[in-house]
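In what follows, a single structure is set out as structure tokens and then discussed.
The chains referred to below are lettered A, B, ... by the order of the sequence lines, with proteins before strands, and numbering in each begins at 1.
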Amino acid sequence: MGGTTWHPASQGCGVLLCSYIRRMVIMAEKMEVEMEEKKVEDYHESQLYRIRHSAAHIMAAAVLDEFPDAKFAIGPPIEHGFYYDFDLPRPLTEDDLQVIEKRMKQMLRQNRQFEYEEISPEQAKELFANQPYKLELIRDILQGGTDEYGEKSEEAPKLSIYKSGDFVDLCRGPHVDSSNQINPKAVKLLNVAGAYWRGDADRPMLQRIYGTAWEKPAELQEYIAWIEEVKKRDHRRLVRELDLISFHEEAGAGLAYWHPRGALMRKTIEDFWRDRHMEGGYDLVYTPHIGKSWLWETSGHLDFYKESMYSPMEVDKMDYYVKPMNCPFHIMIYKTQLRSYRELPLRWAELGTVYRFEKSGVLHGLMRVRGFTQDDAHIICTPNQIEEEVLRVLRFSLAMLRAFGFESIQAYLSTRPDKAAGEPARWEQAQESLRRAIDAEGLTYEVDEGGGAFYGPKIDLHIKDALGRSWQLTTIQFDFNLPERFDMTYVGEDGAEHRPYMVHRALLGSIERFFGILVEHYGGAFPVWLCPEQARLIPIADRHIAYAREVEDQLRQAGLRAKTDASASRMGAKIRDAQLMKVPYMLVVGDREAEEGTVAVRLRSEANLGAMPVADFVARAQQAIHDRTLE
RNA sequence: GCCGACGUAGCUCAAUCGGCGGAGCAUCCGCCUUGUAAGCGGAGGGAUGUGGGUUCGAUUCCCACCGUCGGCUCCA
């Protein structure tokens, strides 16, 4: 094994970061440190948690002032703030939010005490007689079911309330002692959104107000700046501005169109992916986009996945379905021959484009689409190959993610749910192999007991982007179901037929979503190797265009993606255009450069490197490409 | 799918109370021949998302649909 660390030089982001990227990395690190600290002291025990929880109560009090008939649901602290769900007689507007925020801040200044009190079930029911949601919570708490946060409560049922001013809420706390511990200048209401009571689509739709609260006003400002940066990096804006991808409502929601620049990046990603797979012992396959109902009946998708599949199309009086997954097709290839244990493991990879019906409300740029390309592969092996295959695929995944600049990786192991297909012994073996692989790679991980799919345990890998947000990319997933359904077998040493193990895995998830994450991670300023245009020749006057084209040609011969800006604009405008397109190298050529056979190199970080021979520039750029750095 | 908001030129946004839809950028055409983030001038560009309704008259008010956004839900 081994050989899965590609280009060790590509550690971190390099030194010549654009200033704003550097700022954001620092901020993300800071937030990460903040998160780590929170973990250490336990966010739930922290003062910040009390502040947010208490701010939620005060907000509810302010809402009650505006809407005396308001019904209250729950109002917990969350990652960067808090929310509270209400049932109100009319929809809230932006103006309402401002009024509520103002009222809330007045209340915060009133030095309201938060007083804890335990009450009897009878008192509780009387106190909240007009609050149906609270009554439901009381009932559930008494039944030892779920608590205010919808989490399972194991403690003996105990009801408590918190009073602040004349506002009383069913709550287990903790809270600040007094509202003067909350700085009104560090509190802000953010937005209103719909939310189902207890997240259940069959229950009433409530109005949720999101707010944020911090210990110091400066932290609030920092958080607002972070939100601004998130907006600035929104891939939906950037893919348009950088002329990478578009969507067309007339032609269908959730379907991405790759423009030449985006397509070039995609090709770069896919070429890299294929090359690494070939090196890594995978074989490539291609399979059709549609399949007859037999295939989906056999796989079981028509039973349990139909709501995500598009309606069938009739061909020769038979139903054909567009594929939502590639696995059944790979299995068809497997079954073309009698397989021997000697040819296992088989590792078949495909950039397979699938279509899944997603409800209109969940579509979101490239992150959630209706047609996408999975970087899929299936590993088919014998029981005693499991251990090595799992470790191998995990290492491969980590190398892949790191190659794209994601260094912070967290693993999640999901184990056998109550209802599961396949023999428990196989589950056990599979889970252990996953666990040992994670340990062998020294990853920290969390276990989601019973969180696996019914057909097998899995490892998910989440990365953290430059803004400190985490995204699930890789999934490595055992399947004990499909080999049974398709009756996959191999002939063992003993001459008898055996059932192989099958592992699905996608490393990047889908090319579309991964691309969106890359765009946001780098804010559109990609590492040089991924840039659709790596260098732009900027002739100062028209008489320099010929030399610029000559250099452009040399760069192309050297394998660089270069273009000449022969527009009528002035140099300053050309530089501005190139900056906005985040081209890493701007090569200014005028009389001096043409004379000396050089290029004046400007980086998008705004560093001006001065003139250098073309060959020197090529060497520099090739180094950056090889190292996969930003420059 | 559900709740709410939104939809005006390729992009970002104007348009008073329901009274002849504008600007900047971009595009095109000229002039300028430029040394590190926007040179100057001119022109073209719109069924105001789609379909109905109210009205003498609808970008504006009402309804439905499509799409987008903030969430919820779902996620083999």
Side-chain angles (χ1 to χ4, degrees), chain A residues 83 85-88 90-94 96-97 190-210 231 234 236-237 240-241 243 246-255 296 299-309 324-328 354 356-365 368 374 421 452-456 458 472 475 477-479 481-482 504 506 536 538-545 567-582 586-593 600-604 606-611:
Chain A
Y83 68 80
D85 288 344
F86 309 97
D87 192 346
L88 302 173
R90 65 170 176 83
L92 290 168
T93 64
E94 283 299 311
D96 289 327
L97 214 57
L190 299 173
N191 56 339
V192 189
Y196 297 111
W197 168 233
R198 298 201 147 172
D200 185 342
D202 293 329
R203 313 213 55 188
M205 175 66 73
L206 306 173
Q207 296 192 66
R208 173 172 298 179
I209 301 178
Y210 281 98
K231 276 187 199 158
D234 191 323
R236 292 167 298 186
R237 170 215 297 266
R240 187 185 62 231
E241 290 177 354
D243 193 18
S246 58
F247 290 89
H248 302 272
E249 63 167 281
E250 324 85 286
L255 302 169
W296 308 109
S299 70
H301 286 97
L302 283 181
D303 290 332
F304 50 75
Y305 199 63
K306 196 170 185 184
E307 68 279 8
S308 295
M309 292 170 67
M325 292 184 196
N326 304 302
C327 10
V354 299
R356 296 181 184 175
F357 172 72
E358 298 282 359
K359 292 173 181 173
S360 59
V362 305
L363 298 176
H364 182 89
R368 200 67 185 270
Q374 291 184 305
F454 78 83
Y455 52 88
K458 64 170 176 175
Q472 185 195 316
T475 181
Q477 167 90 62
F478 276 90
D479 193 325
N481 184 45
L482 289 179
H504 310 264
R536 183 174 294 186
I538 298 180
I540 290 177
D542 286 352
R543 65 176 179 278
H544 308 121
I545 290 176
S567 68
S569 313
R570 276 155 207 271
M571 185 202 61
K574 291 179 183 179
I575 285 177
R576 183 166 188 275
D577 290 344
Q579 282 289 155
L580 291 173
M581 293 305 275
K582 303 183 198 286
M586 283 154 273
L587 308 178
V588 177
V589 292
D591 290 331
R592 291 200 295 276
E593 288 76 15
V601 181
R602 176 191 161 106
L603 305 180
R604 65 190 161 186
E606 299 182 32
N608 191 342
L609 304 183

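R604(A) places a side-chain heavy atom less than 4.5 Å from the side chain of M586(A). Side-chain contact between I575(A) and R602(A) is present, with at least one heavy-atom pair separated by less than 4.5 Å.
Distances were taken from every side-chain heavy atom of A573(A) (C-beta onward) to each of G71(B), G35(B), G39(B); the shortest belongs to G39(B). Taking only side-chain atoms of M571(A), from C-beta outward, the nucleotide of C32(B), U36(B), C3(B) with the closest atom is U36(B).
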Problem set entry | Base-pair map of RNA chain B as dot-bracket, where | denotes pairing with a different strand and pairs are Watson-Crick or G-U under 3.5 Å | (((((((..((((.....[..)))).(((((.......))))).....(((((..]....))))))))))))....
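Across all strands shown, N481(A) has heavy atoms under 4.0 Å from base atoms, whether or not it also approaches the sugar-phosphate. Nucleic acid contact for D591(A): base, since at least one base atom lies under 4.0 Å from a heavy atom of the residue. Within the nucleic acid shown, A578(A) has no heavy atom closer than 4.0 Å to any nucleic acid atom. Using a 4.0 Å heavy-atom cutoff across all strands shown, N608(A) reaches at least one base atom of the nucleic acid. Within the 4.0 angstrom heavy-atom criterion, base atoms lie near R368(A). Counting any heavy atom pair closer than 4.0 Å across all strands shown, Q472(A) reaches no nucleic acid atom. R208(A) comes within 4.0 angstrom of sugar-phosphate atoms only, judged by non-hydrogen atoms across all strands, and of no base. Within the nucleic acid shown, G590(A) comes within 4.0 Å of at least one base atom, counting heavy atoms only. Nucleic acid contact for R356(A): none, since no nucleic acid atom lies under 4.0 Å from a heavy atom of the residue. Residue contacts for Y305(A): at a heavy-atom cut-off of 4.0 Å it reaches the sugar-phosphate backbone alone, with no base atom in range.
Salt bridge R90(A)/D96(A): present, at least one basic N to carboxylate O contact under 4.0 Å.
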Exercise. For R543(A) and D591(A), what are the C-alpha separation, side-chain angles and deciding distance, and is it a salt bridge (Lys or Arg N to Asp or Glu O under 4.0 Å)?
Worked result: CA-CA 9 Å; R543(A) 65 176 179 278; D591(A) 290 331; 2.8 Å; yes
For this session: Any chance you could lay out the salt bridge (Lys or Arg N to Asp or Glu O under 4.0 Å) test for D234(A) and R236(A), step after step, and finish with the verdict?
Result: CA-CA 5 Å; D234(A) 191 323; R236(A) 292 167 298 186; 2.5 Å; yes
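Cation-pi geometry between R208(A) and Y83(A) is met: the NZ or CZ atom falls under 6.0 Å from the ring centre, inside 45° of the normal.
Here G35(B) presents its P atom at 7 Å from CD1 of I540(A), a figure rounded to the nearest Å. Distance CG (N191(A)) to P (G4(B)): 16 Å, rounded to an integer number of Å. Rounded to a whole Å, the NZ atom of K359(A) is 13 Å from the P atom of C3(B).
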Problem set entry | Where protein sits on nucleotides 64-69 of chain B, one letter per nucleotide: B base, S sugar-phosphate only, - none, heavy atoms under 4.0 Å | ---SSS
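For the pair F357(A) and V601(A), nearest-nucleotide mapping onto RNA chain B gives the more 5' position to F357(A). When each of P539(A) and E307(A) is assigned the nucleotide of RNA chain B bearing its nearest heavy atom, the one mapping closer to the 5' terminus is P539(A).
Counting non-hydrogen atoms of other residues, nucleotides and ligands closer than 6.0 Å to CD of E94(A) gives a total of 12 or fewer.
Evaluation of atom-type donor-acceptor distances gives a pair under 3.5 Å for the side chain of E593(A) against the base of G35(B). A donor-acceptor contact under 3.5 Å is formed by the side chain of Y196(A) with the base of G1(B).
For the pair R536(A) and U36(B), the criterion of a side-chain N or O lying under 4.0 Å from OP1 or OP2 is not met.
The gap from the C1' atom of U68(B) to that of C32(B) amounts to 43 Å, rounded to the nearest Å.
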Polar atom pairs (N or O), protein with nucleotides 41-45 of chain B, under 3.5 Å:
none

